[in-house]
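Have a look at the structure below before the remarks.
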Amino acid sequence: MRSNYLDELNDIQRQAVTNTSGPVMVIAGPGSGKTRVLTYRIAHLIEKGVDPFRILSLTFTNKAAKEMRERIEHVIGGEARNVWMGTFHSIFARILRQEATKIGYPSNFTIYDSSDSKNVVKQIVKELELNDKLYKPSTVFNRISAAKNNLIGPQKYREDKYLVSDDSQSGRPKIAEIYALYAKKCFQSGAMDFDDLLFKMYELLSTHPEVLHKYQHKFNYILVDEYQDTNFAQYLITKRLAAVHENITVVGDDAQSIYSFRGADIQNILNFEKDYPDMRTFKLEQNYRSTTHIVEAANQIIALNKNQLPKTIWTDRQGGDKIKVVKAVSDNEEGRIVADTIFEYQMRLHLRSDDFAILYRTNAQSRSFEEALRRQNIPYKVFGGLSFYQRKEIKDLLAYLKLTVNHNDEEALRRIINYPTRGIGDTTLDRATVLASERGTNLWSILSTIQFQPDFNARAKNLIEEFVMMIKSFATMLQTMNAYDLASHIAKHTGIMKELYTDKTVEGISRYENIQELLNGIKEFSESDEIAEGETVSDRSLGTYLQDIMLLTDTESDKDDTNRVSLMSIHSAKGLEFECVFAVGLEEGLFPNQMSVNSREELEEERRLYYVAVTRAKSHLFLTYALQRYRFGNLIYSEPSRFIEELDEKNLEFIGHKVRRAEPTSGPDTPWERSGTRTTKETPGKSLYERPGAAQRQATPNFTPAAHTPSADFKADDPKTIQAGMEVEHEKFGIGKVVSLEGDGNNRIATLFFAGIGQKRIMLKYAKVRIVSGGAE
DNA sequence: GATATGTTTTTTTTT
DNA sequence: AAAACATATC
């Protein structure tokens, strides 16, 4: 245990860490050391003798949970792994795994992701012979999901006048019925969807007082991160769990509430005081992350919102770069400019690739940036979007594994009963489906007793029996083999391996590799003996593995993903920080998004999202927009976002296009003006503003990525005048000596030697180097 | 019942 | 533009 950790905190932070008992609310502005407070608070509790097993720490994302665990481990060591720490979903899944049988589920229940859920809905709409144009899976599912997040079950839904009349007004009166069937089907399949992990957790606690009692007493201290993002279910569960000890700490920032579409209710944090009148509040208002221009802009943005807790975020990182507003002609040019700028900044300021992030409103925007970065040979990593576990080949193999563990899993069954093709087609399956619903049972019990069912021809019966036998034989092996051996056996035996191996197209090869990677992942899981579970011995069964990975967004294999530019949605960037941030696609209709400009509440949430994007940046922030881009395959014209206008020009610098070729034509920063009215379509054309040449830029006084501070009169010399043997001053590395030179003109590269740092190869075009001696001044 | 070809829809954000 | 979906053909 590091003993001096309290010294690393400011006054308020320290109070927030050391006031350990009773309800505590920490309102934490962006970059105010929120995670630090949370982790040190946990560390402090453990140091004061609290058993790590009795601390429950809930986060929203795996990323946040992982980071927190690592940081606590850093402060207090190995004991950190005993803290119950994870996402709401994963912690509740873990508890449900243990208690499932009490609410009629098998402990190896399957978890359905949203595409599984939508398939179930689709199936029901088909069975009820409803209009599938009206009852779209996503629409219906969102309705069901919202109900669950508000702890409304099928019965309550049917009785809720408001909900029912809402549905009939939108022409979908059957939603209540679909919901009931959906719930029944999931139950019969031994499956829970994401929302069930909350909903069933609540059900468990309310119907089983002894279970509630057990966990209420077990968790002596409860901490919730990003409390502004909790929905009603999460709110009520934590409230009940905390009811005995009332040692509940919530940390959050109402200004960063961006998940209302998932049922998050900002009132949960605004009403914390009502729930716990004797609570204490700590407001962290000092931002340690960003420079003044960025913090001022952020304050400006959020001031336009009505509904919020008052606070003043400030920084002492004076000065720094202004926020650069960049106009591009098209989405592709936007990509190019960003990639070029990243290259330039890497050269000029010696930033690493992982100092950069490109943040967008919708995942579909990543394409143009990926292309441009690839062309520049800049390594990058795309977060979100289609995750590893959503790929077809992965889902196929996983479906076999799921079905082996849980025969009742109908989604898994439907997915692979005829893959690879074994002659069991739609006709047969439809017949079995009808039979199952007539008998009020599930598909598997029809199939596993197929020889006793009429209505099937001999061929179909035999094929089905063969399939059932195969799955059963896999299930037997569950007892004798470890997860990895079984998974490879299944992959081979079912012919999946062979089918992918014979496919020699590029996609085929990558699919084969993905299967290999999945198998490796399973191997790693089954061999790791890390005990991270609570009182139970860690469970390395295939069932646990399957539940775990359903809650992962991605493989999160940190083998090769260090030092890359991050591409992600603004939503997934919450909680992160980068030296240099590009907030891209600032166009009307895209950001703020078309879907979110119809009410004040929606627009305010978009603005909070904008606030999150802006406050990710430590030193450099770019806001970019494109005048035209492709959407659904056709070209659309857009206007700069109103969000740009909402900022104060004193924090901005406006930049047109043309980046690389820009030689010294620097003019004064020109105030930016909106072109015509909002409805005018702008013609793509020449930029009005040239970018100042890199070599002519003023050194930014307060930007100090490294120890060296350039002398006050620092002014870069013309690269052409640099000679080998000269003594020079570099903006970042200080005084050094020119060892050698290569290339000519614009692309001159110098090898410089700095005492204490070593040799650096530097492109003179981008670096600012001043001649100290050995040449003409 | 499987495969080839044409048609329609999709995009907001995530566990 | 790409993927999911529906219809035609073998």
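We name chains A, B, ... by the order of the sequence lines, and we start the count at 1 in each one. Since the structure is predicted, the reported quantities are computational estimates derived from the model, not experimental observations.
Proximity note for A:Ala364 (side chain, C-beta onward) versus B:dT14, B:dT11, B:dT15: the nearest is B:dT11. Set against C:dA1, B:dT15, B:dT13, the side chain of A:Phe632 has C:dA1 as its closest nucleotide. Among the nucleotides B:dT15, B:dT11, B:dT13, the one closest to the side chain of A:Ser114 is B:dT15. Here the side chain of A:Arg631 is nearest to one of B:dT11, B:dT15, B:dT14, namely B:dT11.
Taking 4.0 angstrom as the limit, A:Ser569 places a side-chain polar atom (N or O) nearer than this to OP1 or OP2 of B:dT14. Listed pair A:Asn593 / B:dT11 fails the phosphate criterion, with no side-chain N or O lying under 4.0 Å from OP1 or OP2. Phosphate proximity of B:dG1 to A:Thr427: present, with a side-chain N or O under 4.0 Å from OP1 or OP2. Close to B:dT13, at under 4.0 Å from its OP1 or OP2, lies no side-chain N or O of A:Lys574. Note on A:Ser572: a side-chain N or O is less than 4.0 Å away from OP1 or OP2 of B:dT14. Proximity of A:Thr428 to the phosphate of B:dG1: a side-chain N or O atom is located under 4.0 Å from OP1 or OP2. The shortest distance between the side-chain N/O atoms of A:Asn149 and the OP1/OP2 oxygens of B:dT15 is not below 4.0 Å. Checking the phosphate oxygens (OP1, OP2) of B:dT14, no side-chain nitrogen or oxygen of A:Asn62 falls inside 4.0 Å.
Panel note: side chain A:Asn131, backbone A:Lys133; a donor-acceptor pair is recorded below 3.5 Å.
Rounded to whole Å, atom C1' of B:dT14 lies 14 Å from atom CD1 of A:Ile570. For the pair A:Leu590 CG and B:dT13 C1', the interatomic distance rounds to 12 Å; values are reported in whole Å. Taking atom CG on A:Asn231 and atom C1' on B:dT13, their separation rounds to 15 Å, with Å as the unit. A:Ile237 has its CD1 atom 13 Å from the C1' atom of B:dT15, to the nearest Å. Separating the CD1 atom of A:Ile417 from the P atom of B:dG1 is a distance of 12 Å, rounded to the nearest angstrom. Straight-line distance from the CD1 atom of A:Ile258 to the P atom of B:dT13: 12 Å, rounded to whole Å. Rounded to an integer number of Å, the gap from CD of A:Gln365 to P of B:dT13 is 9 Å. Atom-to-atom, CD1 of A:Ile636 to C1' of B:dT11 comes out at 12 Å; the value is rounded to the nearest Å.
In terms of position along DNA chain B, the nucleotide closest to A:Lys136 lies nearer the 5' end than the nucleotide closest to the other residue of the pair A:Lys136 and A:Thr362. Residues A:Ser138 and A:Thr421 both approach DNA chain B. Their nearest nucleotides, taken by heavy-atom distance, put A:Thr421 toward the 5′ side.
A:Tyr637 and A:Glu587 share no side-chain donor-acceptor pair at under 3.5 Å. Under the 3.5 Å distance criterion, with hydrogens and angles disregarded, a donor-acceptor pair is assigned to the side chains of A:Ser115 and A:Asp113. Side-chain atoms of A:Ser368 and A:Asn332 include no donor-acceptor pair closer than 3.5 Å.
A:Tyr630 comes within contact range of no nucleotide atom at all, as no heavy-atom separation falls under 4.0 Å. Counting non-hydrogen atoms under 4.0 angstrom, A:Ser90 reaches nothing in the nucleic acid. Across all strands, A:Arg422 comes closer than 4.0 Å to no nucleic acid atom at all (heavy-atom distances). The residue A:Lys392 sits apart from the nucleic acid: no heavy atom pair falls under 4.0 Å. Using a 4.0 Å heavy-atom cutoff across all strands shown, A:Asn634 reaches no nucleic acid atom at all.
Ring-plane geometry between A:Phe622 and A:Phe582 is classed as parallel, the angle between the planes falling under 30 degrees on a 0 to 90 degree scale with a further cut at 60. The aromatic rings of A:Phe60 and A:Tyr259 sit parallel to each other, their planes meeting at less than 30°, with 60° as the upper class boundary.
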task = Give the intermediate values and the outcome of salt bridge (Lys or Arg N to Asp or Glu O under 4.0 Å) for residues A:Glu370 and A:Arg367.
result = CA-CA 5 Å; A:Glu370 291 182 62; A:Arg367 205 210 79 251; over 6 Å; no
task = Check step by step if salt bridge (Lys or Arg N to Asp or Glu O under 4.0 Å) holds for A:Arg415 and A:Asp116.
result = CA-CA 10 Å; A:Arg415 185 171 190 98; A:Asp116 296 328; 5.4 Å; no
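Between A:Lys574 and A:Arg616, the shortest heavy-atom distance links the atoms C-NH1, 4.3 Å.
Ring-base stacking between A:Phe88 and B:dT15 is not satisfied when judged by a centre separation under 5.5 Å and a plane angle under 30°.
Here the rule is salt bridge (charged side-chain N to carboxylate O under 4.0 Å, His left out) with A:Arg607, and of A:Glu601, A:Glu646, A:Glu602 only A:Glu646 fits it. Among A:Glu411, A:Glu127, A:Gln123, the single residue meeting the side-chain hydrogen bond (donor to acceptor under 3.5 Å, both in side chains) criterion with A:Lys185 is A:Glu127.
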Can you name the atoms? Protein N/O to nucleotides 2-6 of chain C N/O, anything below 3.5 Å, with the distance.
from  : atom 1 : to       : atom 2 : distance (Å)
C:dC5 : OP1    : A:Lys122 : NZ     : 2.7

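Partners of A:Ser114 under the side-chain hydrogen bond (donor to acceptor under 3.5 Å, both in side chains) rule, at least two apart in sequence or in another chain, do not exist in this structure.
Comparing the C1' positions of B:dT11 and C:dA6 gives an interatomic distance of 22 Å, to the nearest angstrom.
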request  = For DNA chain B, produce a single dot-bracket line, 5' to 3'. Pairs: Watson-Crick or G-U wobble, both distances under 3.5 Å. Symbols: ( ) within strand, [ ] crossing, | other strand, . unpaired.
outcome  = ||||||||||.....
